[in-house]
Every structure is written in structure tokens, then in C-alpha cells.
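Some notes on the structure that comes next.
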Amino acid sequence: MGRRFGLFVFFINIHRAICVWNIFDSKIDQKTIIKTRSKYKKGSILSNILKYLFIVCSLSSLQVYSGSIAVPSDINYQVYTFERAFPGIGVIKQKKGVMQIPDEKNVIVAFNAINRKNLWQYSSMIKKVIDSEPDVYISLTVPGLNLLNGLGEQCPPIKNLSVWIIVDDLEKVNFSGFKKLSRLRVAAGCKNGRKVIRTGKLLNFKISKNEQVYLDQVVASACSSQVITELSIKARYLPINLPALNNKKLKKLSIDAGKLSLPDNLANIDDLAVSYMEMVNQEKSLKSFHSLKQLELTSVDLPTVFSLPDYPELRRLSLAFNEFSVVKLGNMPKLEQFCADHCSNLKKIQGLADLKHLKSVDISYCTNIDNLSFLPLNSPLEKLNIASCVTITNFKILSHLAFLKTIIVSHMHFENVLNKIKKNTKPGCKIVSDIDL
């Protein structure tokens, strides 16, 4: 009887919450509910309604939003998320009349229908988004970008800008009017039907000389901006020729290209992420990275035995999703994080053994690594991810890692691995297995 009554109360509360949800026309998010509920006494009627309202909100969308913005019905837009180094765009579903911004990093709000007739309306809407969500990227087409740029002092103070370039159009791009610009993302591509040419491992769109000149000019224009601190160029299947970098403020650079050519000097760049199929003068370019503090490198063009030069200032190195079988690291005395996850052919890692500041190592899904002898003994290593490293059977080296706090062993032969790891790790080390995940 008690259980039936409990279910009855539960459904009554859910019904009340749905009613409230419908009254607000779904224009409410989880954060608002949590903030509002904190004002009422726990166990009170209003507190309970808000508790169940949170459940309804969560069931309506598993996405957590940082805020909502009212949008006129004649404004066309889309909301996306992406990753900085290797953008994988995902559309966020929206409700009619309400722009919902997900509580995530790297969010884009795209306005692709700006023209001379609706220019001021869209300009006002963009300002509204910027005021509400200052970290969001505003995405524009080249025509929309140039129209807003032409507003002069009335141009919206966009700090984070994403521009989609179609090389077929050869339409000039002008960033000069965006005086508040801090982060710039340029995505370049071709119209449907463009032929892709394969040369060895390189895949590139077949573009004309004029289109190549145009693409080089767009990249040069982006690089010449003296106000940006972060630049991302997404041009998979297109050749990118990066000019000399003279912007002293530019610290972060991310490039995803087919064939990539880099300048001899990366100036003040200390955070670099590159993904490419072929690099011009690769060995020389890799040596020019000597002043970097963070490096992410992915390419199908790396040799089977891959050697990296000395990087005396490097703190974080990511070599994820590469195909080499041996990686040899140069002198990297300040390295704190090493990541080589999803390198399925990787068998040997050389160069970590003498590092005194290494705190995190991720070799998850490196299914050909069969031992941990590459780890530095008596190091301050705190986190080790060996998920899916099913060929590793000897864990004795873990007994020498006195500062190890977390080891991830998911997707492995759980019972055998767990017993061996428990035997060799210090008390208090958290072992994250499939059960925990």
C-alpha cells in the first residue's frame, strides 16, 4: 500500500511540474531551477515542485544550458558546438522563439541569412547574444561579415568570430571593422561536386590558381589581425600556406588542413594544434616549435619511427590518433602531460623515463603496448590512463609511483587486472574500471 501511495505522489508531482513547464512554454533551464529552489525551504511544496520540474526539464533535454535568449520569429540562426583542435560540429536543438546556449566551451551561434534589408535587425540580435553570452562564437557568412563590417562604429563588438569561406566564390573578406576581436575561427571549403584528388596519403580538393591565391589571401588577412589572441583554421582537404606571423598578441593557433606549409618562425605562439595529411619541410617545421608550451599533433604523414626534437618549454604534448609504432621524445624537461591515446600501432615510447615533472600519462586504446617500462620511476605522476591496453600484464612499476592518485583501466580483463593493480599501487589510489564508468 505504501509503495502504491509513493508512486501516486510521484506522478502527482510530475504532473504539477509538467503544468508549470507548459506555463513557461518550456523557456526555462536547469540552472534557473536550481537557483530558484535554493531560495525555498527543503521539503516545502514549492521546493518539491521545483525538484520535479528539474526532472521534467532533464527528460525534455539532456543538454544543460547556461542561459536562454528570446529571439524574434524572423531571425534565422543555428547553435553548434565544436572542439578546438579537431572540430566535430554538433547541432543543438532549439525551441521556437528561444535561443538556448549549452553550458559548454566552444559554442557557435550562426547567422547565415544577413542581407541589406535585415542588417540592423541582425546586428541588434548579435549584440544581444554577445551581452548575454560573451564567450560564444558568432558565425557569419562572408556577405554577412562584410555587411556588418561596413557599419563602422555601429558594428557589433564581436569578440569571438567564426567565418565560413567558400573558395569558389572568391569573395573578399574584411576583418578590419571588428576592433574587439579576440578569437577568430576560419572554416574553408568548396561547393558540392568539387573533385577530390588523392596523391599518396594526401587528399585535396582540385582548386584553380585563382582559388589558391584567394585562400592564401584569406589566411594572410586572418593572420595579419593585430588584435586576436587565438586563431583556428579549419580547411581539411585544402592546402594552407601560413605566412609569417607578426601579431605579438597571438598565442594559440589551431590548423586542420590537407597540405600544410608553416613559416620558419611561429613568433609568440605557445599553444599549437595541427592536423594535416602532408607538411612541407616537416622535419624543419617540427624544429621550429622549440618555444611551445602546448602541442597537439596528428598526421597520416608521420614515419613509423617518429622522433621529436627538443622542446625545452613544453608542458603538454598530445600525439593522439597517429599511426607510428615507435615515438622518441627529445629533451622536454618541463613536460607535465603526455597523451598518445588511440595510437593503435604504438609499441614503444622513449624519452619519458627521466622526466621529473610528469603528472599525467594517457595511452588509452594503444592496444599494442605490452608494458609500462617507459614510465619515469619515482616521478610525481598522478594520473595514468591505460584503458583498453589489453596486452599489458606486468604492473610492478606502479609500486614505484608514490604520487599516483588515479589509474583508469576500463575495457580490460577486469578481474585479473584489478588484482594486480591493487597489489602494486599505494593505498588511496583510485582505480577507475568499467563498473565505475
Side-chain angles (χ1 to χ4, degrees), residues 82-88 165-168 185-191 194-220 222-223 231-245 252-267 269 271-290 292 294-309 311 314 317-330 339-346:
F82 72 96
E83 295 297 325
R84 183 177 74 85
F86 311 106
I165 308 295
I166 304 295
V167 296
D168 313 54
R185 182 176 184 266
V186 178
C190 298
K191 291 181 178 178
R194 182 62 64 99
K195 186 177 181 180
V196 177
I197 299 174
R198 176 183 286 275
T199 307
K201 293 182 178 181
L202 174 64
L203 290 172
N204 260 348
F205 284 120
K206 185 178 181 180
I207 61 175
S208 67
K209 289 183 179 179
N210 287 339
E211 289 170 336
Q212 183 64 64
V213 170
Y214 167 71
L215 182 59
D216 290 344
Q217 289 174 344
V218 171
V219 172
C223 292
L231 173 62
S232 175
I233 300 172
K234 164 72 173 176
R236 196 71 174 162
Y237 310 122
L238 285 172
I240 294 296
N241 302 310
L242 202 71
L245 301 175
K252 292 184 178 182
L253 176 63
S254 171
I255 305 176
D256 185 1
K259 188 173 183 178
L260 178 62
S261 176
L262 294 176
D264 293 336
N265 189 347
L266 290 179
I269 300 294
D271 185 346
L272 176 67
V274 287
S275 173
Y276 58 91
M277 298 181 205
E278 182 181 312
M279 182 185 286
V280 178
N281 296 323
Q282 179 171 266
E283 186 176 347
K284 182 180 178 182
S285 294
L286 291 176
K287 289 181 179 179
S288 71
F289 298 169
H290 58 84
L292 291 177
Q294 297 193 62
L295 173 61
E296 296 178 24
L297 177 64
T298 300
S299 174
V300 296
D301 195 33
L302 301 180
T304 302
V305 178
F306 178 51
S307 299
L308 279 168
Y311 295 143
L314 201 66
L317 174 62
S318 175
L319 300 173
F321 294 95
N322 284 302
E323 298 178 1
F324 45 64
S325 59
V326 178
V327 59
K328 299 179 179 181
L329 308 184
C339 180
D341 62 285
H342 293 85
C343 295
S344 57
N345 297 325
L346 184 59

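No experiment lies behind these values; they were computed from the predicted model shown.
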Kindly write out the residues that satisfy salt bridge (charged side-chain N to carboxylate O under 4.0 Å, His left out) with K284, not counting sequence neighbours, or none if the list is empty.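 Applying salt bridge (charged side-chain N to carboxylate O under 4.0 Å, His left out) to K284 gives D264.
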
Salt bridge (charged side-chain N to carboxylate O under 4.0 Å, His left out) against D216, all qualifying residues, sequence neighbours excluded: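 Residues passing salt bridge (charged side-chain N to carboxylate O under 4.0 Å, His left out) with D216: none at all.
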
Quick one: list whatever passes side chain to side chain contact (heavy atoms under 4.5 Å, CB included) with [X], sequence neighbours left out.
{"X": "K328", "answer": "V305, S307, V326, Q350"}
{"X": "N204", "answer": "L202, P239, K259"}
{"X": "A340", "answer": "F338, C343, L346"}
{"X": "V213", "answer": "Q217"}

Run the side-chain contact (heavy atoms from CB on, under 4.5 Å) test on L302 and E323 for me, step by step, so that the C-alpha distance in whole Å, both residues' side-chain angles and the decisive distance to 0.1 Å come before the verdict. CA-CA 7 Å; L302 301 180; E323 298 178 1; over 6 Å; no

Closest non-hydrogen atom pair between [X] and [Y], with its separation:
{"X": "S288", "Y": "P263", "result": "OG-O, 4.3 Å"}
{"X": "D301", "Y": "M277", "result": "CB-O, 3.1 Å"}
{"X": "L292", "Y": "I269", "result": "CD2-O, 3.4 Å"}
{"X": "T298", "Y": "A320", "result": "OG1-O, 2.9 Å"}
{"X": "Y214", "Y": "I166", "result": "CE2-O, 4.0 Å"}

Interatomic distance, [X] atom [atom1] to [Y] atom [atom2] [nearest 0.5 angstrom]:
{"X": "L260", "Y": "E278", "atom1": "CG", "atom2": "CD", "answer": "10.0 Å"}
{"X": "K234", "Y": "D256", "atom1": "NZ", "atom2": "CG", "answer": "4.0 Å"}
{"X": "D341", "Y": "S318", "atom1": "CG", "atom2": "OG", "answer": "6.0 Å"}
{"X": "L262", "Y": "L272", "atom1": "CG", "atom2": "CG", "answer": "7.0 Å"}
{"X": "L319", "Y": "F321", "atom1": "CG", "atom2": "CZ", "answer": "12.5 Å"}
{"X": "D271", "Y": "S254", "atom1": "CG", "atom2": "OG", "answer": "8.5 Å"}

Contact between [X] and [Y] at the side-chain level, heavy atoms closer than 4.5 Å - yes or no?
{"X": "V280", "Y": "S285", "result": "no"}
{"X": "N322", "Y": "V327", "result": "no"}
{"X": "L253", "Y": "L242", "result": "yes"}

Could you pull out all residues at least two apart from [X] that satisfy side-chain hydrogen bond (donor to acceptor under 3.5 Å, both in side chains)?
{"X": "Y276", "result": "Q282"}
{"X": "K209", "result": "none"}
{"X": "D168", "result": "R194"}

Qualifying residues under ring-ring contact (aromatic ring centres under 6.0 Å, His included), relative to F306, sequence neighbours excluded: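 F306 satisfies ring-ring contact (aromatic ring centres under 6.0 Å, His included) with F324 only.
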
Test ring-ring contact (aromatic ring centres under 6.0 Å, His included) applied to F289 - qualifying residues, sequence neighbours left out: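 F289 satisfies ring-ring contact (aromatic ring centres under 6.0 Å, His included) with no other residue.
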
In sequence, state the C-alpha distance, the side-chain angles, and the governing distance for Y311 and L286, and then conclude on side-chain contact (heavy atoms from CB on, under 4.5 Å). CA-CA 10 Å; Y311 295 143; L286 291 176; 3.9 Å; yes

Is a side-chain donor or acceptor of R236 paired with a backbone partner of L238 at a separation under 3.5 angstrom?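 No; zero donor-acceptor contacts below 3.5 Å.
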
Evaluate the criterion side-chain contact (heavy atoms from CB on, under 4.5 Å) for residue pair L314 and L295; output intermediate values, then yes/no. CA-CA 8 Å; L314 201 66; L295 173 61; 4.0 Å; yes

Show your reasoning for whether side-chain contact (heavy atoms from CB on, under 4.5 Å) applies to L215 and N241. CA-CA 9 Å; L215 182 59; N241 302 310; over 6 Å; no

